[in-house]
Amino acid sequence: MEYNVKIDAFEGPLDLLLHLIKQFEIDIYDIPVSEITDQYLDFIHQMQRLELNVASEYLVMAATLIAMKSRMLLPKPEILDDLSDEPYEDPEDTRQALMRQLIDYKQFKEVADSLRVDESRRLLLLAKPADDLTDYETQNLSYLPTENRATVYDMMRALERMIARRKLQQPLSTKIDKQVLPITKQMTVLVQALRASANPISFCQLAEHYDRIHLVVTFLAILELMKKKAIICRQDSNFSDILIQLGEEADHFDTDEETFDY
Amino acid sequence: MTPMKKRSIIEGLLYLTGEEGIDLNQLEKILPDTSAQELRRLVESMKQDYLDNNASGLMITDKPDGYRLTTKPELIPYIEKMASIPKATPLSQAALETVAIIAYKQPVSRVTIDEIRGVKSERALHTLLLKGLIKEVGRAEGAGRAILYGVTSLFLDYFGFHSLNEMPPLFEAASQPNEQLDAYDLFYDKYKETVENLKRTENKDEQIVSE
Amino acid sequence: MTPMKKRSIIEGLLYLTGEEGIDLNQLEKILPDTSAQELRRLVESMKQDYLDNNASGLMITDKPDGYRLTTKPELIPYIEKMASIPKATPLSQAALETVAIIAYKQPVSRVTIDEIRGVKSERALHTLLLKGLIKEVGRAEGAGRAILYGVTSLFLDYFGFHSLNEMPPLFEAASQPNEQLDAYDLFYDKYKETVENLKRTENKDEQIVSE
């Protein structure tokens, strides 16, 4: 059995059970306890073997399934002892309850799927932010209506929208961060920048426009260029700014295979 | 005032209000000599004109109690090229499931949602509150007085519904667990029906999207 | 691509970029098979069409190196009317962003707020001061001695806090980095897919819209 699906792909144990029910063509209205338990445990074990973090709620479900399966194997006591410390739990009741829970959850999952379709259709229609019409207000601006007041959630939502907007305005989005920024390329960029500039460039100057990943790559590029004597770095004292200028090998350094990229 | 003039005012206001859009009753106040019916007719004919006009990239879409100007869907590939235009992030699967449960079971507590989903829904609830799709609608009786949640009108707007009735019809089936227990067979039939309905609407949706 | 289609794209982008407007060279990048000269001609003819069309409340105005969509001047009385209707959300997005930043970062100068928001906040600050939600709390050290702002007790009262400590932690509220990233990635893929679909069926787009 191949498991191409990661446990992260599931929204919890119920979701995983629904997946197994679908995969093994199990009748959701008459779930065979033994089979579903085996499939479920098998999956969890595979995930653990792959050293994937299996959240506790998956393990709780595993325990429930095992308990149900083992009780099914035992004969039902002929006389029910209501006074015993552990009242008898009919495994059939547990099975029915689980089935109802799964059916219930499945419905909402299906609704969620249909909402996803509605959402994606909706996301194709874009509108601009509303203009601030404060300048056109003829009434007294200091009036702050107490009905329909803005809430803290309105404020948080505004912040969230602002962050989304800002993310897109930045030269490097999250998406691009993840892409390879080759050190070799950054080395070339640096040397070109130094050639274009009559004076040495300070490290702080380089750091100005970059995010963290960019900065790390730039720093590594500097180290690599120093090694190849393509640049010379100077620092007057501890923690003072580092000045970078072209070195003797600047015209014929080559970005060989030794240089690893991130 | 000529209908032309009225249309120009409506267009201008739709432009300014952007994603917030404009309510029908706001328009009534701004154009007091115009009945709601006439306004509705005017906007509907504007809608049609935008759609018919291939030289226009704009269209009027409905929002609860009003209208909003948006770009046409076929503009997306070109809009994508403009980094400065923010794009909305869709909801996570967890958030979608959670909001679906709230829509059918409201008012509903976090514990009930957790039980139905079989996992903690705290983060999803938080996201939905922040996006304004759900709100606190009260407190449960009894110990703990748990917060109860319901959907907002923004929920309808976000998914393009005019009312909750437009949601897939499993409301009765899923919301009354006790009845469900007693009338299990009935429930089963209803469920089948719902699944059929869902399949049918789903196919239709796919058609629209992929056409 | 037909000139009609190009016009629709330009109109859509002019709408979405709103007050900011769009630069000619941005348009050149988005419509690469179109020369700057042709674009200029296209926009000029669009300009004329808006002016000639009495049913339209919009016009294209020039800005340095580009264009911007605005409402026609004769709409001002109606815009004023709309601005004076009490709103469902009494604070604009700009005002909410600004007051949130002040609440978390106070004392804070206008320049810092502008940097965080990426746009000028003068108008929002003015509104907030008038409404009594913020106040001047001092002056920055150094050149310029910029005014520093903080929130007022009316702010706490209005949003129902007893103290600023009751505001949601900023990190949790504003970022939720993991979920957002996931959602973003998911969206990105979906979005690509949609774009591909759209490209494939570009000629049939009008059908979708009119459905």
Side-chain angles (χ1 to χ4, degrees), chain A residues 9-17 29 55 57-58 60-61 96 100-133 136 151-154 156-157 159-162 164-171 173, chain B residues 15-21 59 61 68-73 75-76 79 83-91 93-94 96-97 99-101 103-104 115-120 129-132 135 158-161 167-168 170 173-174 177 180-181 188 191 194-195 198 201-202 205-206 208-209:
Chain A
F10 299 103
E11 286 294 329
L14 294 177
D15 198 16
L16 173 54
L17 280 171
Y29 298 100
E57 59 258 32
Y58 288 92
V60 170
M61 177 60 78
Q96 290 293 341
R100 271 196 305 276
Q101 205 185 359
L102 281 169
I103 291 163
D104 222 16
Y105 174 60
K106 186 162 179 269
Q107 288 180 318
F108 289 113
K109 228 177 113 61
E110 275 158 5
V111 175
D113 289 345
S114 100
L115 288 179
R116 169 83 70 208
V117 174
D118 294 326
E119 182 192 44
S120 59
R121 211 170 350 158
R122 214 50 199 171
L123 289 176
L124 294 177
L125 309 178
L126 300 184
K128 79 184 217 337
D131 275 21
D132 190 349
L133 297 182
Y136 294 102
T151 67
V152 65
Y153 290 116
D154 292 324
M156 293 301 116
R157 195 152 64 244
L159 273 186
E160 209 191 40
R161 267 149 87 175
M162 180 190 79
R165 188 181 76 218
R166 294 293 285 153
K167 203 154 69 176
L168 286 155
Q169 282 168 354
Q170 265 144 29
S173 75
Chain B
Y15 169 72
L16 289 176
T17 51
E19 62 188 357
E20 271 176 27
M59 60 188 277
T61 51
R68 142 184 331 121
L69 201 60
T70 68
T71 50
K72 288 178 180 168
L75 255 60
I76 284 281
I79 296 166
S84 61
I85 297 171
K87 287 152 203 106
T89 44
L91 295 171
Q93 180 67 21
L96 278 176
E97 287 178 12
V99 81
I101 292 167
Y104 286 107
E115 271 169 16
I116 294 173
R117 295 189 57 231
V119 282
K120 294 235 176 295
L129 281 168
L130 279 182
K131 292 208 182 254
K135 62 179 177 200
Y158 185 83
F159 292 104
F161 300 128
M167 289 195 66
L170 72 159
Q180 214 181 96
L181 258 162
Y188 182 79
Y191 180 72
T194 309
V195 170
L198 270 175
T201 48
E202 242 169 39
D205 287 339
E206 270 158 26
I208 295 173
V209 173

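This structure is a prediction, so every number in the text was calculated from the model and none was measured. Here is how names work: the chains are called A, B, and so on, in the same order as the sequence lines, proteins then strands, and each is numbered from 1.
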Over all atoms of both residues, closest heavy-atom pair of Pro129(A) and Glu19(B): CA-OE2, 3.8 Å
Side chain / backbone / both / neither for Glu119(A) at chain B, heavy atoms under 4.5 Å: both
Residues forming a ring pair (Phe, Tyr, Trp, His ring centres under 6.0 Å) with Phe159(B), sequence neighbours excluded: Phe155(B)
Distance-only side-chain donor-acceptor flag, Tyr104(B) / Gln107(A), under 3.5 Å: no
Residue selection (most heavy-atom pairs with chain A, distance under 4.5 Å) from Glu115(B), Lys120(B), Arg68(B), Arg117(B): Arg117(B)
Point-to-point distance, once rounded to the nearest 0.5 Å, from CG of Asp104(A) to CD1 of Ile116(B): 5.5 Å
Residue of the set Val111(A), Asp113(A), Leu115(A) for which side-chain contact (heavy atoms from CB on, under 4.5 Å) holds with Leu96(B): Leu115(A)
Contact origin within Leu69(B) toward chain A - heavy atom pairs under 4.5 Å: backbone
Side chain to side chain contact (heavy atoms under 4.5 Å, CB included) evaluation trace for Asp118(A) with Phe161(B): CA-CA 9 Å; Asp118(A) 294 326; Phe161(B) 300 128; 3.3 Å; yes
Criterion side chain to side chain contact (heavy atoms under 4.5 Å, CB included) on Leu125(A) and Thr71(B), from CA distance to verdict: CA-CA 6 Å; Leu125(A) 309 178; Thr71(B) 50; 5.8 Å; no
Tyr15(B): side chain to side chain donor-acceptor pair (under 3.5 Å) partners, not counting sequence neighbours: none
Check: Pro90(B) main-chain N/O paired with Arg116(A) side-chain donor or acceptor under 3.5 Å: no
Backbone N/O of Leu16(B) and side chain of Lys128(A): donor-acceptor pair under 3.5 Å: yes
Shortest non-hydrogen separation from Gly18(B) to Ala127(A) and the atoms involved: C-CB, 4.1 Å
Worked verdict on Ile76(B) versus Leu124(A) for side chain to side chain contact (heavy atoms under 4.5 Å, CB included): CA-CA 7 Å; Ile76(B) 284 281; Leu124(A) 294 177; 3.8 Å; yes
Nearest atoms (heavy-atom pairs only) where Ala100(B) meets Ala112(A): CB-N, 4.3 Å
